[in-house]
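Below is one structure, written out as structure tokens; comments come after it.
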Amino acid sequence: MRKVFSLLSYSFPNNRLSSSSQRGGGSRSVASDYALSALLHSSCNTCYGSRNIARNIISIPIHESKRSSSRTTLLVHQRRNSSNSKLISGDSVSLNTSSCKLLSRSSSSRVHSPKKSVNPIICEFHDFHKTSPVINASYRESEACAYWSGSEIKSALKQNNFCCDKHSSSTLDCFLLAGNFPFVQKTRRKYCVLLKGFQQQQRRYYQSRMGDTGKKRVCIVGSGNWGSAIAKIVGDNVVKHSGVFADTVKMYVFEEMVNGRKLTEIINQDHENVKYLPGHKLPANIIAVPDVLDTAKDADILIFVLPHQFIKHTCKPLVGNMKPGAFGLSLIKGFDVAEGGGIELISSIINKTLNIPCNVLMGANLAGEIADGNFSETTIGARDTEQGRLLHKLIQTDDFRVVVVKDVETVELCGALKNVVAVGAGFIDGLQLGDNTKAAVIRLGLMEMVRFTQEFFNKDTEISTFLESCGVADLITTCYGGRNRKVSEAFVKTGKPFEELEKEMLNGQRLQGPMTAAEVNFMLKSRGLEDKFPLFTAVHRISTNVLKPMQLIDAIRNHPEHISSLANAKI
Ligand SMILES: NC(=O)C1=CN([C@@H]2O[C@H](COP(=O)(O)OP(=O)(O)OC[C@H]3O[C@@H](n4cnc5c(N)ncnc54)[C@H](O)[C@@H]3O)[C@@H](O)[C@H]2O)C=CC1
Ligand SMILES: O=C(CO)COP(=O)(O)O
């Protein structure tokens, strides 16, 4: 008969156990290693006594830095029928460091080779104390080991910075399955160890029984003007494609009080982001969450849509906590100043910080118009065909048409750089110089965008990418209807600084243009190339009051574009 364990762990704040374990065993192993061996041991052990299980579990060692006090309580439940979600028997074991008999490395390594004759056994591991480092450490590993092959497990472990020495590789030669049971509350999780040799069919059976249907879970990191508009689309689309995507979408909300209520509460109860996208109902399956880790830790697809200045600190709690196989989609327009000089793409920051691939979505997409359902287009940059296909499904609607291209960097550069041009266009509006001058600024801006992309990122960039929605179309829409244009016009007309105008005019929404102009200038200056990009340079200098707005015209009067065309002309 198949035996099923359920280990309910409660209160795991202490890790002195680990230190004893490491001293006892003389081993430098990591939590993941022992967590798994302990689970395997419980699985293989013919003696299913609770103390035995408890002893194995508390042998999990933890990284030095996370050790603290001394007390552990394990509640161990056993049940006979796996299909019965209610626990039918229980035991409670309370142990402290001194009374605890710990497994040494050699004794634990013995359990790494389960007997072939042992029936598959499922260990369910519930967490009631999600902040505990012990649990987190073993969880992370369990998450990393969610799917099937030993080599995948090992590579996922590496990604999560767990060391994979010889010892752990034998431990890892097993299959693991992770999933959420419907009866398990949000903060609890469950992990199953299936012994090596478990047949594909049986795996599928358990996978479906556990509610892990392989559907992609989507989350949105950000909930501003664009974040909320894209939530409308994504919320509807995951339901429309319910065979592919899980039907709830968590959305990270930077918590704030609006009219005496928390914004998360307003969104979850009234289904409207009254501050950043008023007048538009969000689908009820969009769940506002104030904690970014809670939002993103279970997600397969993460949509990043924050003002670019907030991306680094928002990602911090997510480091090392990504689900294996997860990937990102950045809707963020801007750059980051690189530590060693130069600038970095936001998708690259996400990729490096979280160790996940990151695609991009950029286009002529004024959020309010998308939320109104007016027809528009967008561009997704995706290197991986499968990810591109999934993202296309997730984003496209009858009135929001998606083109997927592989020229990812150029797509993102277009989105960031057009905001600098839009600031220039706003200056022209403020100076009331008319549409011809503004068209010249837009055209010269486009030429600088192409040149900048070729000079610093991809000399073989496809010009066709600039003709997608992310290029010319976004440039036009932002230079006519965007916030950057509007506030830059006011900058010229009022003489007030951008920070003040942003507060006065945008009700918490953020400008990206002036900051991006500074980031671009940082790059140009460090390479001695300011003269080759007179429009970008003048926009930055005017934004920082080094030049007067009217000097924009002087800066572009002798633009390299005019000079090079003269050199090539046959006159
Ligand atoms: N709004 C639009 O029409 C479009 C915006 N974008 C881009 O999408 C990105 C996000 O823009 P929006 O959603 O419009 O944002 P937004 O301009 O509405 O920004 C406000 C958001 O920033 C959050 N926030 C404020 N302080 C924060 C902090 N310290 N940490 C984290 N979050 C904080 C606010 O809670 C709010 O969600 C930007 O890069 C923008 O250029 C792209 C296309 C269209
Ligand atoms: O990127 C945008 C439209 O595609 C929005 O531009 P603004 O930030 O200038 O409103």
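Start at 1 with the first residue, then count along the sequence. Order of listing sets the numbers, starting from 1, for every ligand and every atom in it.
- Closest heavy-atom contact between Gly388 and Ala382: CA-CB, 3.7 Å.
- Ion pair Arg389/Glu386 flagged as a salt bridge, since at least one NZ, NE, NH1 or NH2 atom sits closer than 4.0 Å to an Asp/Glu carboxylate oxygen.
- Using 4.0 Å as the threshold, Gly363 has a heavy atom nearer than that to some atom of ligand 2.
- Residue Ile395 comes nearest to Ile233 through the heavy atom pair O-CG2, 3.2 Å, listed as atom of the first residue, atom of the second, then distance.
- The ring pair (Phe, Tyr, Trp, His ring centres under 6.0 Å) check on Phe498 picks up Phe491, with sequence neighbours excluded.
- For ligand 1, the atoms closer than 4.0 angstrom to any heavy atom of Gly508 are 20 (C).
- Among Arg510, Glu256, Arg483, Lys418, the residue whose heavy atom sits closest to atom 40 (C) of ligand 1 is Arg483.
- With distances taken over non-hydrogen atoms, the option nearest atom 21 (C) of ligand 1 out of Pro307, Gly222, Ala367 is Pro307.
- Looking at atom 41 (O) of ligand 1, its nearest protein heavy atom turns out to be Gln512 CG, 3.3 Å.
- Contacts with ligand 1 closer than 4.0 Å are made by side-chain heavy atoms of Tyr276 only, the backbone lying farther away.
- Contacts between Gln509 and ligand 1, counted as non-hydrogen atom pairs separated by less than 4.0 Å, involve both the backbone and the side chain.
- Polar contact check, His313 against ligand 1: a nitrogen or oxygen pair lies under 3.5 Å apart.
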Under 3.5 Å donor-acceptor pairs involving side-chain atoms of residues 413-427, not counting sequence neighbours:
unit_1 : atom_1 : unit_2 : atom_2 : d
Lys418 : NZ     : Thr478 : OG1    : 2.9
Asn419 : OD1    : Asn484 : ND2    : 3.2

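- The backbone N or O of Gly328 sits less than 3.5 Å from a side-chain atom of Asn359, completing a donor-acceptor pair.
- Counting all heavy atoms, side chain and backbone alike, Val253 lies closest to Ala288 at CG2-CB, 3.6 Å.
- Checking side-chain atoms of Lys333 against main-chain N and O of Met362 turns up no donor-acceptor pair under 3.5 Å.
- Under 4.0 Å from ligand 1, not a single heavy atom of Met362 appears.
- For ligand 2, the atoms sitting less than 4.0 Å from at least one non-hydrogen atom of Asn365 are 3 (C), 4 (O), numbered in the order shown with element in parentheses.
- For the pair Gln512 and ligand 2, no heavy-atom separation below 4.0 Å is found.
- Considering Leu306, Val253, Val292 only, the shortest heavy-atom separation from atom 10 (C) of ligand 1 involves Leu306.
- Considering backbone and side-chain atoms together, Asn419 places no N or O closer than 3.5 Å to any N or O of ligand 2.
- Between Gly227 and ligand 1, at least one pair of N/O atoms sits closer than 3.5 Å.
- For ligand 1, the atoms sitting less than 4.0 Å from at least one non-hydrogen atom of Lys333 are 39 (O), 41 (O), 42 (C), 43 (C), numbered in the order shown with element in parentheses.
- Using a 4.0 Å cut-off to heavy atoms of Lys333, the atoms of ligand 2 that qualify are 1 (O), 2 (C), 3 (C), 4 (O).
- Ligand 1 places these atoms under 4.0 Å from at least one heavy atom of Ser223: 37 (O).
- For atom 9 (O) of ligand 2, the nearest protein heavy atom (residue, atom name, distance) is Asn484 ND2, 2.8 Å.
- Around atom 35 (O) of ligand 1, the closest heavy atom drawn from Phe254, Tyr252, Phe310 belongs to Phe254.
- Proximity to Gly224 (heavy-atom distance under 4.0 Å) selects the following atoms of ligand 1: 13 (O), 15 (O), 18 (O), 21 (C), 36 (C), 37 (O).
- With a heavy-atom cut-off of 4.0 Å, Leu331 touches ligand 1 through its backbone alone.
- Here is the list of ligand 2 atoms found below 4.0 Å of a heavy atom in Leu366: 3 (C), 5 (C).
- Below 4.0 Å from some heavy atom of Leu366 lie the following atoms of ligand 1, by number and element: 3 (O).
- Between Glu489 and Arg485 there is a salt bridge, with a side-chain nitrogen of the basic residue lying less than 4.0 Å from a carboxylate oxygen of the acidic one.
- Remark: distances from the non-hydrogen atoms of Lys418 to ligand 2 include one below 4.0 Å.
- In the candidate list Arg485, Arg483, Lys486, Arg483 is nearest to atom 8 (O) of ligand 2, counting heavy atoms.
- Salt bridge annotation for Arg527-Glu455: absent, with no cationic side-chain nitrogen under 4.0 angstrom from a carboxylate oxygen.
- For the residue pair Phe533 and Leu524, the shortest heavy atom distance occurs at CD1-CD2, 3.3 Å.
- Counting only distance, with no hydrogens or angles, the side chain of Glu255 and the backbone of Thr264 share a donor-acceptor pair below 3.5 Å.
- Note on Asp270 versus Arg261: salt bridge recorded, some NZ/NE/NH1/NH2 to OD/OE distance being below 4.0 Å.
- Using a 4.5 Å heavy-atom threshold, the side chains of Leu529 and Phe456 count as touching.
- Close approach of ligand 1 to Ile332 is summarised as follows: ligand atoms under 4.0 Å from at least one heavy atom of the residue are 39 (O).
- Checked for salt-bridge contact, Glu530 and Arg541 meet the test: a charged N lies under 4.0 Å from a carboxylate O.
- Residue-ligand proximity: Gly334 is placed with every non-hydrogen atom at 4.0 Å or more from ligand 1.
- With hydrogens left out, the protein atom closest to atom 4 (O) of ligand 2 is Asp474 OD1, 2.6 Å, a heavy atom.
- When side chains are defined from C-beta on, Ile350 counts as touching Ile346, because their heavy atoms get closer than 4.5 Å.
- The protein atom (non-hydrogen) at minimum distance from atom 4 (C) of ligand 1 is Trp226 CB, 3.5 Å.
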